[in-house]
There are 2 protein chains.
Amino acid sequence: MIEALVNKLSYYMTLSSEEKQVLEKAATRSVQMEKGEIIINENERPEHVYLIEKGWACRYKLLENGDNHIMAYLIPGDLCDVHITILEVMDHSIRALTPVTLRKFPADEMRNIMENHHRLARALFWSTLVDEAVLREWLVNMGTRLAEPRLAHVFCEMLIRSRIAGCAENESFEFPLSQAELGETMGLTEVHTNRALQKLRQKGLVSLEKKRLTILDWERLKQLSQFDPIYLHYQKQSR
Amino acid sequence: MIEALVNKLSYYMTLSSEEKQVLEKAATRSVQMEKGEIIINENERPEHVYLIEKGWACRYKLLENGDNHIMAYLIPGDLCDVHITILEVMDHSIRALTPVTLRKFPADEMRNIMENHHRLARALFWSTLVDEAVLREWLVNMGTRLAEPRLAHVFCEMLIRSRIAGCAENESFEFPLSQAELGETMGLTEVHTNRALQKLRQKGLVSLEKKRLTILDWERLKQLSQFDPIYLHYQKQSR
DNA sequence: ACAAAAAACTAACTTAGGTTGTAGTGCTTA
DNA sequence: TAAGCACTACAACCTAAGTTAGTTTTTTGT
């Protein structure tokens, strides 16, 4: 099922059951990938748009000096590169952070949706614009916040996004990253990421154990990180 | 004239003179704006797509605590938000960094181009995907590089982009930012930005005076910053 | 051509974050 | 049931970047 995607898109528009069918039929069967496996590699030209059904993946760039930077998390309901056919090659890679279940939309199916299903096309487009907004917010997060509020901001965002995908229970959700991976996304070392996490724990703002994150004090966490969810654009449109 | 835009798009596809006409006619007359003026404000819903003809502008976010972060530079040939009609409100603002000449494309004209001029639509789409790739690269730049190579990377990128827009003469181009503004884009203070700039000068890599930047040693600058222009996707397509 | 205001530059000192190293705590898998 | 490995935790020390507070230079407006 493409449930997480439908969940997410429903924050933008309500899809008819016919539209859901179109999506369902356009995708291949589920494919499994293992933790650490590369889903799309830099310089490649992908033939499919991938949908994450289960698990987490990430966009990342590996630099010559060995530095590795994570630029985005992909969680259930997220799509990789809806508009792959426009650019010749990928300028970064995507890999599984956990075991992942994927479905693939062949480029032709995608083109068909874009041309013959305007509402769906619009909804998918919306999701890519939100991805871009998230990217901007991450840039601001790195550019303006110290380690502790920076980490807090990541936690706030991922709670909301997990909820939107239907993967959260109240204040609690799967957060399957190692501290090293967290550091790679925030431009911090593993050690300093740990220091920041300890502080958030000491203050009683979050609990993170066995890959499950619980937000213990949403208001204070939000305030500490100056989190403002506007950039996620998930308010149901008023039109 | 929409010259800088046509210049830029020509790196993706050669436009027919008819297609150039379509663009030319779709836009309003040139509008002037002063340095510091806000072109689009957060929370607004813009009615037009703006094209920068002359001068520099930036996307930025102003945080509650007064921090200000620049997330993108817009130079001649760059468009602001081709797909404005999809999202309800802007999650950031755009302002002029210098006196700027703009042209506006009304949303309806844009829609017309998207629906009836597929090649143009594709080319405009390409330009937004490149903008996104630049954003990702900036994230990596902030996350992985120290001040000096980080600044060097900004210089490398802007030389190439200025060339693509037709605004550079060999190794030299207009670079109208104050050091404070440069710092705001790299997540550094004015003071530290100055330190980094001094080093690049001492090493004989760049010269920056009277708002004009000259790259004195491209190879070393490129190497220092590990600049790899792939992400600008400007190689003429092989198809 | 001049004064006023920005912007650029410099230095001294503080702090956030990086580095290295070590120890402990689970998980696997054999 | 132990060996091995990935991850977490934490301490000591080091360095890049922030802060504050100046001075000098360049731009701008009249």
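Here is the naming used below: chain letters follow the sequence lines, and residue numbers restart at 1 for every chain.
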*Asks:* Report the C-alpha separation of A/Phe155 and A/Phe227 in whole Å, then their side-chain angles, then the decisive distance to 0.1 Å, and conclude whether the ring pair (Phe, Tyr, Trp, His ring centres under 6.0 Å) test is met.
*Replies:* CA-CA 10 Å; A/Phe155 288 162; A/Phe227 179 75; over 10 Å; no

*Asks:* Return yes if some donor-acceptor pair links the side-chain N/O of B/Thr101 with the main-chain N/O of B/Glu53 below 3.5 Å, else return no.
*Replies:* no

*Asks:* Would you check if there is a donor-acceptor pair between the side chains of A/Arg145 and A/Ser225 at a distance under 3.5 Å?
*Replies:* no

*Asks:* So, A/Arg195 versus A/His192: side-chain donor-acceptor pair below 3.5 Å or not?
*Replies:* yes

*Asks:* When every nucleotide of nucleotides 23-30 of chain C is labelled 5' to 3' by its protein contacts under 4.0 Å (heavy atoms), B for base, S for sugar-phosphate only, - for none, what sequence of letters results?
*Replies:* ----S---

*Asks:* Would you call A/Lys104 and A/Tyr50 a side-chain contact if the rule is heavy atoms closer than 4.5 Å?
*Replies:* yes

*Asks:* Is a donor on one side and an acceptor on the other found under 3.5 Å between the side chain of A/Ser207 and the backbone of A/Thr214?
*Replies:* no

*Asks:* Check whether A/Asp81 reaches the backbone of A/Ile84 with its side chain - one donor and one acceptor, N or O, closer than 3.5 Å.
*Replies:* no

*Asks:* Which residues, if any, of residues 55-70 of chain B bring a heavy atom under 4.0 Å of DNA chain D?
*Replies:* none

*Asks:* Just say parallel, tilted or perpendicular for the rings of B/Tyr73 and B/Phe175, cut-offs at 30° and 60°.
*Replies:* perpendicular

*Asks:* Mind running salt bridge (charged side-chain N to carboxylate O under 4.0 Å, His left out) on A/Arg212 and A/Glu169 for me, showing each step along the way?
*Replies:* CA-CA 11 Å; A/Arg212 171 160 285 267; A/Glu169 288 137 30; 3.7 Å; yes

*Asks:* Generate the contact string for nucleotides 9-21 of chain C. Rules: B means base contact, S means sugar-phosphate contact only, - means no protein heavy atom under 4.0 Å.
*Replies:* SBBB---SBBBB-

